[in-house]
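Okay, so here's the structure we're looking at.
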Amino acid sequence: MSDNTSARTPFTTCDPALAAGTSHAGFTVTSAMALPELSATAYVMRHDASGARALWIACDDDNKSFSIAFKTPPSDSTGVFHILEHSVLCGSDRFPVKEPFVSLLKTSMQTFLNAMTFPDKTMYPVASTNTQDLENLMDVYLDAVLHPAIYRRPRIFEQEGWHLELAERDGPLSYNGVVFNEMKGALSDPDDVMFQALSAALFPDTAYRHESGGNPRAIPTLSYERFLDAHARHYTLANSYTILYGNLDIDRELAFIARRFDGATEGGCGAPNPLDVQAPVRAPLARVEMATAPENASVGLAYVVGLATDRERVLATDVLLDALCGSNESPLKRAVLDAGLGDDLIASLIDGELQPQAMFQLKGARPGVAARFQRLVEDVCGRLVADGIDRTRLSASLAQAEFNLREGDWGSCGDGVALSMQVLSSWLYDDGHPVDYLRYQDAIDHMRAGLESDYFEGLLRGLICESMHCAAIELVPTTSGAADEEACELRDLKEGLTDAELDAIIAEVGCLRAEQEAPDEASDLAKLPRLGVDDIADAPEERPLAQVEAPLPCLYHDLPTHRIGYAYHYFDLRRLTFEELPYAAVLAELLGKLDTRAHSAAELDTLVEENLGSLDFFCETYGRDDDATFAHPVLVVGASALSERMAQLATIPSEVWSSTSFADDDRILAALTQRRVALEQGFANLGHSCASSRLAAHLSSSAAVADQMGGVGFYQFLKGLLAHWDERRDALASKLAELQRRVFTADEVTVSFTGSHEDLARFWEVGGTLGLAAVDGTSGEACAHRLEAPLPSPANEAFVIPSNVSFVVAGSPRSALDTGSIGDWQVAARALSFDYLWNEVRVKGGAYGVGFRRTTPGNLQFWSYRDPSVDATLGRYRTAAAWLAGWAGTQEELDGYIVSVIAAHDAPAKPRAIARRQDSEHFGARPADWRAQIRAQELAVTADGIRTLARPLADRQEERLVCVFGPREAIEASSVRFDSIVDLMGNA
């Protein structure tokens, strides 16, 4: 096909040149199908020589993507495919460097670069807006999966999988390895443990009974030979799925891929593991014990939906679960909360598997309620089948599903990568169903017609009431668990080893360290494809924020939104005192979940789902780059709606903020308890982010304010409030009503609107002043800013969480020696994160993740994620400045870092994300050309400029603050002198 895209058949029409039966570079098109929901066409192909499957989602998107995936159902819980996912990206035949994946992160214009292990597949997706860059990424990834270095470098398996460590004969024996430590962290999460237990009960005879990521108790049983065998049998072209997406010259890309396919070795390795359909089982209630906080007691119920290829049934189940449990006012969730069996009920659709499941999880379960919970769920569902499900609620859930599908906002994933995952939700299980999960409109229309019949009642009857394929698990917290088992195992193992065997372990660790520390040959590094600074295109044009005439101050974002309007209302909180800020966060948490003057909580819930795409209330804080003591907190009301619903977008949020009643103690208690549970889960799963935010609270006033409204400070306030609920609930209701009057006024609110001019006009025509009046009072005192945010104050803190790994953060305020630009620091952070820290903390230390950043106000911060060490990691942070001072990177290396930083700067974003970023820059008082200034700084970075940053990085590093989230034993074993050690899950 021609490179001239203007001559190409529109993407919404099947191209005759790609008709079924046509051949292209060794691929034959087997079918072509229009995808009207995506304004795209799907072309399904087979590689003639190998049988490899391929698909192109042809659409007008310059953020192009490629992925290759393999069907990898596990036969045990050693995590072999997870370890392979990591390991194949550690060098290959044509690119024999230790970390080509990291090299691409450092030097590519990628908009997405990662790999993922699922319960039955492993996927390697990449994306870029630059065609040459995309091909560079494809080249490295294809060689990695087809010709990895694992066959000639066995220590890759030790590094990424597991190995024994011993510093000296008399020292403790331990396991280490990136995946081993990652899964110790993952299986510290009760939700992960619950999900795996349910999967094992539902599928006792198939691959889904195993932990695909790897159970740390099983990972050390995996041998190097079985590791290689798994690759040889599964990473074959006949077992592969290649998916291309976007505005591509498809003949060029197919030819590119075909040349790489031609060199692959096929056959003679044995068959891949089977992926079978599990015959129905009704597994009895089972008990799983886990060392975790008592609050993490839970009960899980799971019901198999059917087969993945029944797309409409899977989508209808998602709609049904929202109608039953999507909010506290949904009928099943309301019944469970009213019964007092636990703190929260979460319903989830588990899809992307051969047999999708509906899962109900009772969180914060009371002791001994498991059987009652299962009976209650099934009894309520039986009554709903007999009496009928409320049609208004079903219609609202259906409208919400359609909005989400139409909006297609996949976050940072990008459309191509997300849609490639969707493709595999059916194609992996049946070659005849390659695009089922890219379509939805016919199913939505059929479900909407089903509202006139018993369509959803029939679905619920078969799914729950008459299910022959279900399971129930009770997760019971204990005081001992996997960590104790591991310690005993290692102690027994060491006692059985001879001195010679102990010396061999010490020697092998030394050999592994030597290999990790050895630099790559310059000639090997030169083989990696890369872009240079000259390949960077001009910055993409972005429509600037405008301030328009409206009844209230209005920021307008004229961005293409596909007939969706987004409205964000920013209410200034500086009229509150610092001590009142947690109450503002509680207010935001409750709005939308209680009665208003016009609607009950249940009616409001349905009204919102029927008319709006989203309605969110939350608090956030803006700082200033040049003032660590400045803090501007706001309560944000964000909402979205289709163009035909602009009247509702203008009126529903204002009804909620102006007329919510705080008289319903039970609903308030339930909502706040659920918020506490969510915060606790965040501490365990995203401890690096929580620790970073908490440490920042000691470096700037804005971060201290943010902590008071959503971090550790808020959590401690909330836990205390709930612990003394009976004494404080009346005062809380009065306080919330008072804040409602003081916060929601016309005096200090800014509205941000994103959408078409027509939608903007309609929004203000209906909304007027959005029901807001000036603040009560004429003295001026009521209007005054009363907030006095705490000034920065140093402290070293540790927070005990139920986890087997740690999250280690260290940071310091801006140094007086820091004369570097933001652009200098952005590039230096890339080098520190993906060179020094990656090698020291991840590769050698075994942490799953690590990084460095310098905030725009100048604070410096290191972080690690799922880290087996505390002191060793902090020691490596301390030597980072010396590494940076001696950085001897070539101009080519520097150019690579600049390219990758610019790529992140220029990465495409959805309209909502662009608008929110522009709003943030407005409230942060940044100049209109701020991003252009930063981009110019990034392009102007020099090697000398990078090295000079070592001085501020080293400045006063002995006074650097530390914040650790982790297990008590790791914290207490650390040499850090903590000002406080707090058990976050302990009594208030």
Under 3.5 Å, is there a donor on one side chain and an acceptor on the other for [X] and [Y]?
X      : Y      : answer
Glu85  : Thr117 : yes
Lys71  : Asn239 : no
Tyr429 : Asp120 : yes
Asp48  : Thr28  : yes
Glu407 : His562 : no
Ser614 : Ser640 : yes
Glu402 : Gln441 : yes
Thr72  : Thr122 : yes

_More than 12 heavy atoms from other groups under 6.0 Å of CZ on Arg226_ = yes

*Start with the C-alpha distance between Ser327 and Asp605, add both sets of side-chain angles, then the distance that settles side-chain hydrogen bond (donor to acceptor under 3.5 Å, both in side chains), and finish with yes or no.*
CA-CA 7 Å; Ser327 77; Asp605 184 59; 2.7 Å; yes

Do NZ/NE/NH1/NH2 and the carboxylate oxygens of [X] and [Y] come within less than 4.0 Å?
X      : Y      : result
Arg366 : Asp343 : yes
Glu609 : Arg393 : no
Asp229 : Arg233 : yes
Asp191 : Lys363 : yes
Arg287 : Glu289 : yes
Lys910 : Asp415 : yes
Arg391 : Glu457 : yes

Which heavy atom in [X] sits nearest to a heavy atom in [Y], and how many Å separate them?
X      : Y      : answer
Ser298 : Met194 : OG-CE, 3.2 Å
Pro73  : Asn273 : O-ND2, 2.9 Å
Leu362 : Ala365 : CD2-CB, 3.8 Å
Phe70  : Ser240 : CE2-CB, 3.6 Å
Gly450 : Tyr455 : O-CB, 3.5 Å
Ser425 : Ala308 : O-CB, 3.3 Å

For the backbone of [Y] and the side chain of [X], can you confirm whether one donor and one acceptor N or O come within less than 3.5 Å of each other?
X      : Y      : answer
Gln196 : Arg209 : yes
His234 : Ala230 : yes
Arg461 : Val385 : no
Arg53  : Ala238 : yes
Gln422 : Gly352 : no
Ser420 : Gly416 : yes
Ser50  : Ala52  : yes
Arg383 : Glu378 : no
Gln355 : Glu353 : no
Arg334 : Asn328 : yes

*asked:* Using the rule given for side chain to side chain contact (heavy atoms under 4.5 Å, CB included), can you reason through Phe360 versus Val336, listing the C-alpha separation, both sets of side-chain angles and the distance that settles it, and then say yes or no?
replied: CA-CA 11 Å; Phe360 302 91; Val336 171; over 6 Å; no

_Spacing of OG1 belonging to Thr41 relative to CG belonging to Leu18, to within rounding of 0.5 Å_ =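 That separation rounds to 9.5 Å.
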
*Side chain proximity check, Leu384 to Leu324, heavy atoms < 4.5 angstrom*: yes

_Centre-to-centre under 6.0 Å for Tyr303 and His469, is that the case here?_
no

*Please check if the distance between the ring centroids of Trp427 and Tyr241 is under 6.0 Å.*
yes

*Using the ring of each side chain (for Trp, its six-membered ring), is Phe261 parallel, tilted or perpendicular to Phe27, with breaks at 30° and 60°?*
tilted

*Mind running side chain to side chain contact (heavy atoms under 4.5 Å, CB included) on Asn114 and Val417 for me, showing each step along the way?*
CA-CA 10 Å; Asn114 213 331; Val417 173; over 6 Å; no

*Run the numbers on Asp322 and Ser397 for side-chain hydrogen bond (donor to acceptor under 3.5 Å, both in side chains), then give the verdict.*
CA-CA 6 Å; Asp322 183 74; Ser397 293; 2.7 Å; yes

